[in-house]
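Values below: every heavy atom of this structure, side chains too, minus hydrogens, waters and symmetry copies.
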Amino acid sequence: MADTVKATQTVIKKYANRRLYHTGTSTYVTLEDLATMVQNGEDFVVYDARAGDDITRSVLTQIIFEQENKAGAENLLPVAFLRQLIRFYGDSMRTMVPSFLEFSMANFAKDQDGLREKFAHSFGPAAFQNAIEQSVRTNMTFFGDAMKMFTGFTPPAAGTQPPAPPAAPASFAGGELDDLKRQMLEMQQRLEALAKK
C-alpha cells in the first residue's frame, strides 16, 4: 500500500473513529485541512488504517460535499450538472465521463490565468462603460428605425436643426399631434447627444 505510493504523495490514514492521521507531520487532520492541502497543490493518498484500502476518492468526494454545504450561494456544482452526473451512473457512456471531466478540468486549470485576465477586462469599469455606450447606440438605431415608420418623418442629420412639423389636420383639435411630434424630435436629439458622449 504505502510502499507503492509515489514519493511526492503524503499518506493519510483514516481510523475507525473517523479521524484522519497525517503520516508526514504525525498529526491528526480534518477534512478542511485536506481541502487546504488540495488547494495548495499537495498530493496525498488516503488509506483505511484497518483494511489498508485506498479510500482517497471517497474522502475527496466528502470534501466536495462539505464545501458545497458550506458555500451557500457560491456553490460550484449546479443542480443540473449533479442530476446529469447521477444519470450517467447507469448509462452506457459512463466509462467516458471520467476522462471527459478530467480533460475538461485540466484545460480549464491550464487556461485559468488567461480566463481571469479576460474576465477582468470584460467586467472591469471600462467594459461597463463600453457596454452602456454600445447599448445607447443600439437603442438609438432602434429608435431611429421606429421613427422612420411614421409617414413623412425622417430623423434630422446630426448638427442640423429639425424641420418644422407639418401642419396638423383640421380634425385634430388643440395641436396635440404637433406637440407629440415636437416631443419625439426633442427626445431623439437628446438620445443622439447621449450616443455621441
Side-chain angles (χ1 to χ4, degrees), residues 1-139 197:
M1 114 184 140
D3 304 337
T4 60
V5 176
K6 291 186 231 172
T8 58
Q9 285 184 321
T10 301
V11 174
I12 308 292
K13 292 183 179 180
K14 185 172 185 179
Y15 289 93
N17 60 4
R18 302 177 71 186
R19 294 188 75 185
L20 299 160
Y21 184 76
H22 189 301
T23 60
T25 59
S26 299
T27 58
Y28 286 101
V29 293
T30 64
L31 287 176
E32 200 162 310
D33 295 329
L34 294 182
T36 302
M37 289 170 64
V38 170
Q39 289 165 349
N40 293 336
E42 189 175 339
D43 201 8
F44 61 84
V45 63
V46 183
Y47 290 107
D48 182 296
R50 187 171 46 89
D53 297 334
D54 183 345
I55 57 170
T56 308
R57 181 185 311 274
S58 65
V59 170
L60 292 174
T61 306
Q62 192 176 358
I63 290 170
I64 292 170
F65 177 76
E66 294 289 328
Q67 293 294 322
E68 285 292 302
N69 280 336
K70 184 170 55 172
E74 297 177 3
N75 293 341
L76 288 181
L77 302 175
V79 172
F81 170 80
L82 292 170
R83 285 191 174 126
Q84 187 59 52
L85 195 60
I86 291 168
R87 285 185 194 112
F88 276 122
Y89 277 100
D91 195 276
S92 60
M93 300 294 284
R94 175 183 177 170
T95 57
M96 297 178 67
V97 174
S99 301
F100 173 77
L101 291 176
E102 194 170 4
F103 175 78
S104 299
M105 289 304 290
N107 281 334
F108 184 78
K110 185 177 71 174
D111 297 335
Q112 228 176 29
D113 292 334
L115 286 170
R116 280 193 184 105
E117 187 177 316
K118 286 178 185 175
F119 273 113
H121 179 69
S122 298
F123 296 109
F128 183 69
Q129 183 177 355
N130 291 340
I132 289 176
E133 288 174 7
Q134 182 60 37
S135 179
V136 169
R137 284 190 197 99
T138 304
N139 289 340
K197 290 184 180 179

### Query
Are any non-hydrogen side-chain atoms of Thr30 and Leu20 less than 4.5 angstrom apart?
no
### Message
Can you confirm whether Tyr28 is buried at OH, in the sense that more than 12 heavy atoms of other residues, nucleotides or ligands lie under 6.0 Å from that atom?
### Response
yes
### Task
Find out whether Asp43 and Gln9 are in side-chain contact, i.e. whether some heavy atom of one side chain is under 4.5 Å from a heavy atom of the other.
yes
### Query
Under 6.0 Å from the OH atom of Tyr15, do we count more than 12 heavy atoms belonging to anything else shown?
yes
### Message
Give me the atom names and distance for the closest heavy-atom approach of Met93 to Phe88.
### Response
CB-CE2, 4.2 Å
#### Entry: Heavy-atom pair with the smallest gap, counting every atom of Thr10 and Glu42
OG1-OE2, 3.1 Å
### Query
What distance do Ile63 atom CD1 and Glu68 atom CD have between them, rounded to the nearest 0.5 Å?
13.0 Å
### Query
Will you find, in the side chains of Asp33 and Thr36, an N or O donor that is under 3.5 Å from an N or O acceptor?
no
### Task
Could you grab the distance from atom CD of Gln62 to atom CD1 of Ile64, nearest 0.5 Å is fine?
11.0 Å
### Summary
All heavy atoms of Asp54 vs all of Val46, minimum pair found to be OD1-O, 3.3 Å
## Note on the structure
Closest non-hydrogen contact found for Asp48 with Ala51 is OD1-N, 2.9 Å
## Note on the structure
Taken to the nearest 0.5 Å, the spacing of Ile55 CD1 from Arg57 CZ works out to 12.5 Å
### Task
For residues Met37 and Leu34, determine if any side-chain heavy atom of one lies less than 4.5 Å from a side-chain heavy atom of the other.
yes
#### Entry: Note, Leu60 side chain near Phe44 side chain (heavy atom, < 4.5 Å)
yes
### Query
Once you round to the nearest 0.5 Å, how far does CD of Gln67 lie from CD of Glu32?
7.0 Å
### Query
Would a 4.5 Å heavy-atom cut-off, applied to side chains only, mark Leu31 and Val59 as touching?
yes
